[in-house]
Amino acid sequence: MIKMRMSKLYLPTLKEDPSEADVVSHKLMLRAGMMRKHSAGIYSYLPLGYKVIKKIEKITRKHMDNAQAQEVLLPIMQTSEIWKESKRWDKFGPLMVKFFDRKNREYCLGPTHEEVVTDLVKDEIRSYKDLPLNLYQIQTKVRDEIRPRFGVMRGREFIMKDAYSLDIDYEGLDKSYQAMYDAYEKIFAECGLEAVAVEADTGAMGGKDSHEFMVLADSGEDQIAFCDSCEYAANVERASAEKTNIDFEDDAEIEKIHTPDIKTIEDLEEFLAYPAARMIKAVAVVADGEAVAALVSGEDELNEVKLINYLKANELRAAEEEEFEELYQSTAGFIGPVNLKNVRIIADKRLKNISGAVVGANEKDYHLKNVKAGRDFEVEAYTDLRLVKEGERCSKCSDGHLNIKAGIEVGHIFKLGTKYSENMQADYLDENGKSQPIVMGSYGIGITRLVAAAIEQNNDEYGIIWPKSIAPYQIIILSLGNDEEIKVKSEEIYEDLKTAGYEVLLDDRKERAGVKFNDSELIGIPLRLTIGSRSLENGVVEAMIRENNKKLKIEIDNIEDKVAELIKEIS
RNA sequence: CGGAGCGUGGCGCAGUUUGGUAGCGCACCUGCUUUGGGAGCAGGGGGUCGAAGGUUCAAAUCCUUUCGCUCCGACCA
């Protein structure tokens, strides 16, 4: 058996917070010697960090295998052809690292593997008898993120478990999807994480249903709306709330008003003494090069994801200064829907019957009041475009209200449908000998992000507190002092516990007690056994449970039984 | 890409405003003491001050360019 003595372990811990980190998991992963940065969003994992990763991978494999998924390993280097076939070469665009080989053939480093899987199975799967199938892998993904952040939370290189289900029809997909949903719940639970499934947007993956698995943490980059009464939980990108339409029942004629240098809703509220609900906010965005004005109430915020989905656009960005003139014949701060030419106007459904509204006049320093929808302007469509807010009424049940919390997306599952199989001609023959596209799903878990999420959820002022299922070691033995008897006893206990099947780390370094105590807390090992002259005289060692930092004396004579008992109690 | 900030021994920082012999703490090496909560004393090693160019008798410090990193916004596991 391999001896893991701390004197030989490559574990460079840091006493001070590194200046490059300011999120707790990032700081602790560096301080605990789990990893080191190579470049922005790219890390080397050191022995301790890699051990945790392997633990999570093992748990993931177990539940994937139990769900009848089969592990494969797909190429990291992928030809541009398959991406062009699926029509995502441009969609993923700058997110992909692209390069040419010596024969001038173009490749990318795989940011995800839908294309490869579809390409792989399309020649092998000929009949409905070959389906269903679920293939998964655990592999490094490369995405040239716009902004890598928070250490391993948003890296440019990260380890992901990705699975792809292949079914004959949507009914089969529903089953495959549910199986993955269930497996995910088990995986996160076994990793000791509190994760919740929420309704999600499908983004660049496409498809219809989608759930994200979120670990609630203040440092999370996602906002999630939860109903306090029913089961409803959704990413705010998608969440909807019950809001009444706005109508001031005011038929007065439209009127132009001078509003010098009044550009924001707040300024207007003050200047006109009208509530924000009376204003219409027109947000100028350019979607795939096309000018769009999105209308929401002055008291609401535009939800860009909802807009992009309505438009079926690839890219959405705010209009630039010059574009207000060129594309909108308007001016920043005074844009409005009345007489807005050659611009697609999409409005939030709350504005459907609005009257008596105030809008920009498309002229510097002027607004229009008493504006009425339908009479003074037309829109292409009324649809849900607003971002939900804390406390609003739930759209699923009548009596609940929405709470908004931050979360870290650790898993995401998609019902892809036939988008890839159709674009890439992955067909099978059904019972009637008729060619049908394979119905697909895709399922991801960010393994390395999960490590960070686990730390975000389990830490204190002293360091990491690993849930025992993913801890790099379950037990750490501190051997204090230079006394020969202590060294011998420590070795003995160490060997016994190893033989009993535990993963044990022995701190045999020539360090002072304080250093050992602090390092053991920093690296978050669930159970610590301290062996020193003070306790040894009385035939006991001191145990400390990292979870609650409680200490107790245990007798050396029946140490194995006592350790088993303690480990069992630890979560 | 837009906005903000930072690059000085391995790590954390001071020094830059006002140009004039590169410093502090931690870590590291040697010796002695200490030894259950990040030790003490003594001695020691290590930095072309992110890079390039310029101004100057003289540049970490002033100017120009450039690269990297972090944070705030749009992307995602």
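All figures in this text were calculated on a predicted structure; none of them were measured in a lab. Keep in mind that the numbers below use all heavy atoms, side chains included, and drop hydrogens, waters and symmetry copies.
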Polar side chain donor-acceptor pair, Glu114(A) to Ser442(A), under 3.5 angstrom: yes
Side chain Lys306(A), main chain Arg386(A), donor-acceptor under 3.5 Å: yes
Where protein sits on nucleotides 26-35 of chain B, one letter per nucleotide: B base, S sugar-phosphate only, - none, heavy atoms under 4.0 Å: SS------BB
Spacing between Ile445(A) atom CD1 and rA77(B) atom C1', to the nearest angstrom: 9 Å
Integer-rounded Å distance: rC11(B) P and Asp17(A) CG: 15 Å
Within 6.0 Å of CD in Glu190(A), more than 12 heavy atoms from elsewhere: yes
Stacked pair Phe517(A)-rG38(B), distance under 5.5 Å, angle under 30°: no
CD (Glu325(A)) with more than 12 external heavy atoms under 6.0 Å: no
Distance, rounded to the nearest Å, where Ile476(A) contributes CD1 and rG37(B) contributes P: 17 Å
Separation of rA74(B) P from Ile308(A) CD1 (nearest whole Å): 12 Å
First of Leu316(A) and Ser535(A) reached from the 5' end of RNA chain B, by closest nucleotide: Ser535(A)
Restricting both atoms to N or O, compile the protein contacts to nucleotides 4-6 of chain B shorter than 3.5 Å, with distance only.
none

Donor-acceptor side-chain pairing of Lys161(A) and Tyr184(A) below 3.5 angstrom: yes
Check: Arg31(A) side chain, rC11(B) base, donor-acceptor under 3.5 Å: no
Closest non-hydrogen atom pair, Ile464(A) against Ala32(A): CD1-CB, 3.9 Å
Sugar-phosphate only, base, or nothing, as touched by Arg509(A) at under 4.0 Å among non-hydrogen atoms: nothing
Sugar-phosphate, base or nothing in reach of Gly411(A), heavy atoms under 4.0 Å: sugar-phosphate
Atom-pair distance (CG on Asn518(A); C1' on rG37(B)), nearest Å: 6 Å
Separation between the P atoms of rG68(B) and rG31(B), rounded to whole Å: 45 Å
Geometric class of the Tyr177(A)/His211(A) ring pair [parallel <30°, tilted 30-60°, perpendicular >60°]: tilted
Sugar-phosphate only, base, or nothing, as touched by Arg317(A) at under 4.0 Å among non-hydrogen atoms: nothing
Touch class at under 4.0 angstrom, heavy-atom based, for Val515(A) against every strand present: base
Thr13(A) or Glu409(A), whichever maps to the more 5' nucleotide of RNA chain B: Thr13(A)
Greater than 12 external heavy atoms within 6.0 Å of Phe99(A)'s CZ: yes
Whole-Å C1' distance, rA51(B) and rU8(B): 14 Å
Whole-Å distance separating the CG atom of Leu14(A) from the P atom of rG38(B): 19 Å
Contact pattern, 5' to 3', of nucleotides 67-73 of chain B - B, S or - by protein heavy atom under 4.0 Å: --SSBBB
Between rC1(B) (C1') and Asp144(A) (CG): distance, integer Å: 13 Å
Sugar-phosphate only, base, or nothing, as touched by Glu521(A) at under 4.0 Å among non-hydrogen atoms: base
Rounded interatomic separation in angstrom, taking CG from Leu46(A) and P from rG10(B): 18 Å
Under 3.5 Å donor-acceptor pair, Arg534(A) side-chain atoms to rG37(B) base atoms: no
Touch class at under 4.0 angstrom, heavy-atom based, for Lys551(A) against every strand present: base
Side-chain donor/acceptor of Arg143(A) to base of rC76(B), under 3.5 Å: no
Min side-chain heavy-atom separation Gln457(A)-Ile408(A) under 4.5 Å: no
